[in-house]
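Structure, as structure tokens:
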Amino acid sequence: MNERYMEALGQYDLTVDSVRKGRSGWICETSQGTMLLQEYRGTMKRLEFETQVLGQVRESGLLQVDDYIKTSQGELISLSEDGTRHTLKHWYTGRECNIRDYREARQIIGKIAILHQILKEIPAREEWSLGSIMVETARQVMERHNQELKRARNFMKNKRRKTDFERCALSNFSVFFQQAQEAACGMAQLEQQSAMVPCLCHGDLDQHHVLIPGGMARAQDLASSAADVKSGIEETGVAVIEYHKMHMGDQMTDLYHFVRKIMEKHEWDQNLGLELLTAYDRVNPLSDRDRESLYYLFLYPEKYWKQINFYMNANKAWIPARNLEKLKSLEGQVQQRNRFLAIIK
């Protein structure tokens with residue numbers, strides 16, 4: 001094991017039984033449970049922000065999170081002799097959420113609703129006015145992406161010799177760009193009519209950030225949840241991790257990103273989509289504004305923009321065949337996606 005990590009671990013008031021390399025640091029089995037030791041390159045203000053929030057989430061007893069452990073001196077950072085900074089946080093060795101499993105997907109949506117409930121009750125602090133916390137609104141992001149789409153279209157149209165990717169992108173451009181404009185316009189009107197009250201959001205919520213630990217001592221690490229009993233959601237010891245993009249904003253962006261990932265895997269199954277939104281609403285009721293915001297988020301052709309953005313920022317002399325396949329798959333899902341949009345409008 002790297003000596004720097006040994007130096008860092010020695011600054012915590014715990015006994016280390018074993019250490020192994022993980023995907024983003026060192027996974028440590030300790031006298032206080034499983035921990036993850038990582039190098040830290042962010043700011044202290046950002047770290048303090050995450051610590052304040054995640055501490056309150058853990059204290060609620062309703063959800064497991066990877067909150068930070070302080071050193072024996074009460075510090076959030078442990079330093080090696082060479083100046084390398086480290087953090088230590090609770091960790092979980094379960095599997096990632098299986099979004100292909102209908103039942104599991106519904107249960108996880110309930111957990112996301114619980115997370116949002118907890119985050120919504122945490123009041124904002126004046127010292128949180130950092131660039132990484134006060135981010136662009138959904139409208140601002142959509143408008144910026146629309147400008148990028150127009151630049152990409154003009155670039156591709158002016159090329160004499162077009163690749164298969166460029167021809168496919170241009171053939172679908174009008175359909176997707178019309179939706180992009182409608183979504184941005186609708187979100188702008190929504191913001192004017194009903195100002196969104198910013199709440200804490202996870203910021204990067206997908207199946208990779210939801211872990212389902214196996215054989216964990218739930219009585220010790222996760223108290224019985226009254227909200228779970230009320231909603232009928234089965235307790236699974238779910239851990240929601242990696243809050244590096246947590247910010248103040250619209251929580252519907254979290255819900256949208258997670259549900260969209262599931263819907264794409266299930267060919268935009270309308271019944272599944274309604275079940276997922278109902279599962280969330282059962283735990284954390286959706287307001288009319290929430291539902292309208294969700295509609296415009298789903299309306300925006302984000303996957304199309306991502307493929308175009310990748311093209312514009314990559315080597316245009318060689319475009320991976322996989323990218324063309326993704327673009328064509330979007331074309332094949334247009335009708336199913338439009339049917340889903342029609343029922344949630």
Side-chain angles (χ1 to χ4, degrees), residues 8-9 11-14 22 24-28 30-79 85-94 111-135 198-205 209-211 213 216-228 235 237-249 251 254 283-284:
L9 283 173
Q11 298 173 44
Y12 295 90
D13 187 18
L14 47 78
S24 57
W26 296 96
I27 298 174
C28 312
T30 79
S31 55
Q32 296 184 26
T34 305
M35 305 287 176
L36 179 68
L37 184 74
Q38 296 176 300
E39 286 192 23
Y40 184 73
R41 297 184 175 89
T43 66
M44 280 304 301
K45 284 189 176 181
R46 175 73 201 190
L47 183 57
E48 289 167 357
F49 160 65
E50 291 182 27
T51 301
Q52 290 165 1
V53 174
L54 296 182
Q56 292 186 62
V57 176
R58 172 170 283 271
E59 287 173 7
S60 74
L62 302 179
L63 200 66
Q64 298 185 108
V65 292
D66 55 334
D67 55 321
Y68 295 94
I69 307 296
K70 291 184 178 181
T71 68
S72 56
Q73 299 299 316
E75 302 294 335
L76 289 170
I77 292 288
S78 57
L79 286 174
R85 302 186 301 165
H86 303 88
T87 58
L88 185 70
K89 59 184 180 179
H90 289 101
W91 198 242
Y92 309 92
T93 55
K111 292 298 180 182
I112 291 171
I114 290 173
L115 173 64
H116 281 171
Q117 278 185 325
I118 299 168
L119 293 179
K120 194 180 295 183
E121 294 172 1
I122 299 176
R125 301 188 183 188
E126 186 176 346
E127 63 265 28
W128 290 356
S129 56
L130 307 173
S132 64
I133 300 173
M134 309 303 292
V135 300
C199 297
L200 287 165
C201 308
H202 181 280
D204 192 22
L205 202 51
H209 297 142
V210 179
L211 299 181
M216 294 191 65
R218 293 181 301 181
Q220 176 182 345
D221 296 323
L222 185 63
S224 176
S225 165
D228 278 359
E235 182 57 75
V238 171
V240 183
I241 61 171
E242 302 290 4
Y243 291 79
H244 305 311
K245 293 186 179 180
M246 182 165 57
H247 62 271
M248 299 293 294
Q251 291 183 336
D254 277 350
V283 180
N284 190 22

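Because the structure is a prediction, the values reported are computed rather than measured.
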Closest non-hydrogen atom pair between Met248 and Pro198, with its separation: CE-O, 3.5 Å

Closest non-hydrogen atom pair, Cys199 against Lys120: SG-CG, 3.8 Å

Closest heavy-atom pair and its distance - Cys28, Leu37: SG-CB, 4.3 Å

Residues forming a side-chain contact (heavy atoms from CB on, under 4.5 Å) with Glu127, sequence neighbours excluded: Gln52, Arg125

Between CE on residue Met35 and OG1 on residue Thr30, distance to nearest 0.5 Å: 4.0 Å

Set of ring-ring contact (aromatic ring centres under 6.0 Å, His included) partners for His90, sequence neighbours left out: none

Evaluation steps, side chain to side chain contact (heavy atoms under 4.5 Å, CB included), between Leu205 and Val240: CA-CA 9 Å; Leu205 202 51; Val240 183; 4.0 Å; yes

Shortest non-hydrogen contact from His202 toward His209: CE1-ND1, 3.9 Å

Straight-line distance of Glu50 CD to Asp66 CG, nearest 0.5 Å: 8.5 Å

Residues in side-chain hydrogen bond (donor to acceptor under 3.5 Å, both in side chains) contact with Ser129, at least two apart in sequence or another chain: none

Pairwise distance NZ(Lys70) to OG1(Thr51) - rounded to 0.5 angstrom: 7.5 Å

Test item: Thr34 side-chain N/O and Tyr92 main-chain N/O as donor-acceptor pair under 3.5 Å: no

Partners meeting side-chain hydrogen bond (donor to acceptor under 3.5 Å, both in side chains) with Arg85 (sequence neighbours left out): none

Sequence-distant partners of Lys45, side-chain contact (heavy atoms from CB on, under 4.5 Å), two or more places apart: Thr43, Leu130

Under the side-chain hydrogen bond (donor to acceptor under 3.5 Å, both in side chains) test, residues paired with His86 that sit two or more places apart: none

Worked verdict on Val57 versus Asp67 for side chain to side chain contact (heavy atoms under 4.5 Å, CB included): CA-CA 9 Å; Val57 176; Asp67 55 321; over 6 Å; no

CG on Leu9 to OG1 on Thr71, rounded to 0.5 Å: 12.0 Å

Under the side-chain hydrogen bond (donor to acceptor under 3.5 Å, both in side chains) test, residues paired with Ser78 that sit two or more places apart: Tyr12

Side chain to side chain contact (heavy atoms under 4.5 Å, CB included) between Lys111 and Gln64, worked out: CA-CA 10 Å; Lys111 292 298 180 182; Gln64 298 185 108; over 6 Å; no

Glu126: side-chain contact (heavy atoms from CB on, under 4.5 Å) partners, not counting sequence neighbours: none

Lys245 NZ to Asp254 CG distance, which is reported to the nearest 0.5 Å: 12.0 Å

Which residues share a side-chain contact (heavy atoms from CB on, under 4.5 Å) with Ser24, sequence neighbours left out: Leu36, Gln38, Glu242

CD1 on Ile241 to CG on Leu211, rounded to 0.5 Å: 4.0 Å

Listed once per pair and sorted, the ring pair (Phe, Tyr, Trp, His ring centres under 6.0 Å) pairs that draw on residues 45-71, sequence neighbours left out: Phe49-Trp128

Exercise: identify the closest heavy-atom pair between Thr87 and Leu76: CG2-O, 3.9 Å

Distance-minimising heavy-atom pair for Asn284 and Gln251: ND2-OE1, 4.4 Å

